[in-house]
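Numbered from 1 within each chain, the chains take letters A, B, ... in sequence-line order.
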2 protein chains.
Amino acid sequence: MTRDLDIISSALIFEGLPEQHLEQIKNVSVSENYPKGKIIFMEQDEGNGFYLVAEGRVKIFKVSPSGKEQILHVFGPGEPFGEVPVFSGRRFPANAETIRKSRLLFFPRTAFLGMITSHPSLALNMLAVLSMRLRQFTQQIENLSLKEVPARLAAYLLYLSTEQESEDSITLDISKGQLASLLGTIPETLSRILNRMNKQGLIETKDRTIRLLNREGLESLSIDGKKNEVT
Amino acid sequence: MTRDLDIISSALIFEGLPEQHLEQIKNVSVSENYPKGKIIFMEQDEGNGFYLVAEGRVKIFKVSPSGKEQILHVFGPGEPFGEVPVFSGRRFPANAETIRKSRLLFFPRTAFLGMITSHPSLALNMLAVLSMRLRQFTQQIENLSLKEVPARLAAYLLYLSTEQESEDSITLDISKGQLASLLGTIPETLSRILNRMNKQGLIETKDRTIRLLNREGLESLSIDGKKNEVT
DNA sequence: ACGTTCCATTGATCCGGGTCAAATAATTTT
DNA sequence: AAAATTATTTGACCCGGATCAATGGAACGT
């Protein structure tokens with residue numbers, strides 16, 4: 001198990017803070033263990049603090065009355081989540097659930113707010129985190145509204161390939177079903193599109209490993225929805 | 001023309017700050033006039049500060065290669081926009097354009113960051129603003145991904161009726177075309193749906209005035225996509 | 001190893017809503 | 001007020017992708 005202090009000091013949200021301050025932050029946090037598939041909070045719950053993933057993986061999502069799920073984020077080690085109620089004073093706007101056995105650090109609202117007032121750079125870090133998240137949501141809205149599913153998938157594959165340094169072979173870190181939900185579609189459709197991209201020679205899939213055979217094609221697909229036409 | 005200080009002191013983002021501090025804030029701001037339909041910034045521009053609407057109205061939006069537009073926000077007097085690059089250090093994720101003759105207050109990045117470090121409650125206010133915006137995006141993603149257009153429209157009408165205190169008659173503050181873009185659809189589709197809702201007795205439209213005839217029906221439509229079935 | 005359960009794939013069908021085209025209405029310009 | 005834009009509505013048509021149904025595979029507890 002990774003030490004709390006290591007997690008905290010490697011988290012972007014606490015970047016650049018003095019050692020002594022990190023210690024202080026560690027002391028207000030509470031470590032919590034969750035099995036896979038456990039609800040952490042639900043939409044409309046009161047938020048008395050936020051979380052930092054120490055180990056494992058957490059999804060933030062919405063569900064429609066008919067049961068369709070839309071994933072907003074998947075967070076891994078070092079990433080904070082559930083901050084919105086801390087600063088907005090409103091309830092959680094979405095649900096959170098572990099998709100793996102996980103360990104979370106919980107930061108109580110009041111303790112954290114107290115630290116912010118005395119440490120301005122902590123506030124600036126948090127502002128940076130929220131801003132990046134707004135960027136990401138902007139992207140997601142663009143994807144949902146202005147792109148069709150193949151373009152969203154292509155964009156996601158290219159994004160993954162930058163996350164993972166790997167030359168041209170990437171590994172899905174979530175199940176295909178979850179990926180479908182993240183892309184705003186359903187497993188059947190995702191399956192068909194992966195299949196089609198295989199036939200088109202854009203990718204080569206083997207279970208959760210996907211080899212990108214034609215970056216150019218994927219890029220153009222992700223932008224204008226058209227695979228490279230031969231002029 | 002409304003005085004700068006009045007705008008600043010009535011803006012949520014500067015709420016609760018001491019008079020003297022507001023004066024200081026006013027002094028770093030720059031007033032700028034824009035005609036209707038003027039681009040304020042474009043996606044990928046560098047952001048050297050953020051804006052506060054003093055008068056008029058501004059839309060934040062994305063455009064697809066094929067020209068379809070998705071509006072993310074429409075901001076009016078007292079609302080700030082363009083803060084993301086200030087804190088994320090990245091470029092603008094979307095475009096901004098006036099949809100009316102407008103006056104904006106511009107706050108340069110460095111001056112504002114300086115004030116934040118010396119005034120923690122300013123940071124907390126900004127965190128609250130960004131958090132509310134994340135909430136709103138969450139809502140918008142839910143709408144786009146999990147609801148169909150009639151449900152989105154119903155939700156928007158009900159939202160407008162709380163904004164405007166009016167008993168049951170609301171007035172669109174943007175054109176139908178812009179509304180379509182805000183809801184993630186196109187004018188033709190919006191027109192047809194308004195027409196259908198009229199026939200169903202849910203609303204009664206006359207130009208930009210809409211009378212809500214059946215709140216219950218609209219509510220149930222906005223939630224589960226079904227108008228009240230008679231059991 | 002074996003059934004049980006969950007996940008992924010494939011086929012057939014349906015529908016919301018986007019596209020294209022054209023008419024009508026509302027604004028703005030001169 | 002006439003002309004020229006621009007916004008809104010209506011009709012005919014089409015398509016991406018969701019739904020429903022069924023089968024094959026992989027993971028898992030006993």
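- Between B:Phe75 and B:Phe81, the angle of the ring planes stays under 30°, which puts this pair in the parallel group of the 30/60° scheme.
- Atoms CD1 (A:Ile193) and C1' (D:dG17) sit 8 Å apart, rounded to a whole Å.
- Checked options B:Arg109, B:Arg90, B:Arg91; the residue passing with B:Glu46 is B:Arg91 (criterion: salt bridge (charged side-chain N to carboxylate O under 4.0 Å, His left out)).
- Residue-level contact check: A:Gly37 touches neither bases nor backbone, having no heavy atom under 4.0 Å from any strand.
- Non-hydrogen atoms lying under 4.0 Å from DNA chain C are contributed by nothing in residues 68-75 of chain A.
- For the residue pair A:Gln136 and A:His73, a side-chain donor N or O sits within less than 3.5 Å of a side-chain acceptor on the partner.
- In terms of heavy atoms, B:Ser145 sits closest to A:Lys68 at O-NZ, 3.6 Å.
- Side-chain N or O atoms of B:Ser102 include one that pairs as donor or acceptor with a backbone N or O of B:Arg57 at under 3.5 Å.
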Return the polar atom pairs (N/O with N/O) between nucleotides 11-16 of chain C and the protein under 3.5 Å, or none.
{"from": "C:dG11", "atom 1": "N7", "to": "A:Arg192", "atom 2": "NH1", "distance (Å)": "2.9"}
{"from": "C:dG11", "atom 1": "O6", "to": "A:Arg192", "atom 2": "NH2", "distance (Å)": "3.2"}
{"from": "C:dA12", "atom 1": "N6", "to": "A:Arg192", "atom 2": "NH2", "distance (Å)": "3.4"}

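- When all heavy atoms are compared, the tightest approach of A:Leu213 to A:Glu204 is CD1-CB, 4.0 Å.
- At least one side-chain heavy atom of A:Leu212 sits under 4.5 Å from a side-chain heavy atom of A:Leu157.
- Remark: side-chain polar atoms of A:Thr209 are not paired, donor with acceptor, to backbone N or O of A:Asp207 under 3.5 angstrom.
- In this structure, B:Thr185 reaches the C:dG18 phosphate: one of its side-chain N or O atoms is under 4.0 Å from OP1 or OP2.
- In this pair, A:Phe50 and A:Phe107 present their aromatic rings parallel. The plane angle is below 30°, not in the 30 to 60° band.
- Judged by distance alone, with hydrogens and angles left aside, the side-chain atoms of A:Ser181 form a donor-acceptor pair with the main-chain N or O of A:Glu69 at under 3.5 Å.
- Side chain of B:Thr98 to main chain of B:Lys38: a donor-acceptor pair is present (N/O by atom type, distance under 3.5 Å, no hydrogens or angles).
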Is there any protein nitrogen or oxygen under 3.5 Å from a nitrogen or oxygen in nucleotides 22-30 of chain D, and what are the pairs?
none

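- Pairs of residues two or more places apart, or lying in two chains, that qualify as salt bridge (Lys or Arg N to Asp or Glu O under 4.0 Å) and include a residue from residues 129-153 of chain B are A:Lys62-B:Glu142, B:Glu83-B:Arg133.
- Taking the six-membered ring for Trp and thresholds of 30 and 60 degrees, A:Phe41 and A:Phe92 have nearly parallel ring planes, at less than 30 degrees apart.
- Note on B:Asn195: a side-chain N or O is less than 4.0 Å away from OP1 or OP2 of D:dT10.
- Atom CG of A:Leu144 is separated from atom P of D:dG16 by 18 Å (rounded to the nearest Å).
- In the helix from C:dA1-D:dT30 to C:dA23-D:dT8, the terminal helix axes, each the rotation mapping four pairs' C1' atoms onto the next four within five end pairs, subtend 50°, rounded to 10°.
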Check nucleotides 5-8 of chain D for protein N or O atoms closer than 3.5 Å to its own N or O atoms and list the pairs.
{"from": "D:dT8", "atom 1": "OP1", "to": "B:Lys176", "atom 2": "N", "distance (Å)": "3.1"}
{"from": "D:dT8", "atom 1": "OP2", "to": "B:Gly177", "atom 2": "N", "distance (Å)": "3.0"}

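- Minimum heavy-atom separation, B:Ala54 to B:Pro77: O-CB, 3.6 Å.
- The structure places CZ of A:Arg103 at 9.5 Å from CG of A:Leu52, a figure rounded to the nearest 0.5 Å.
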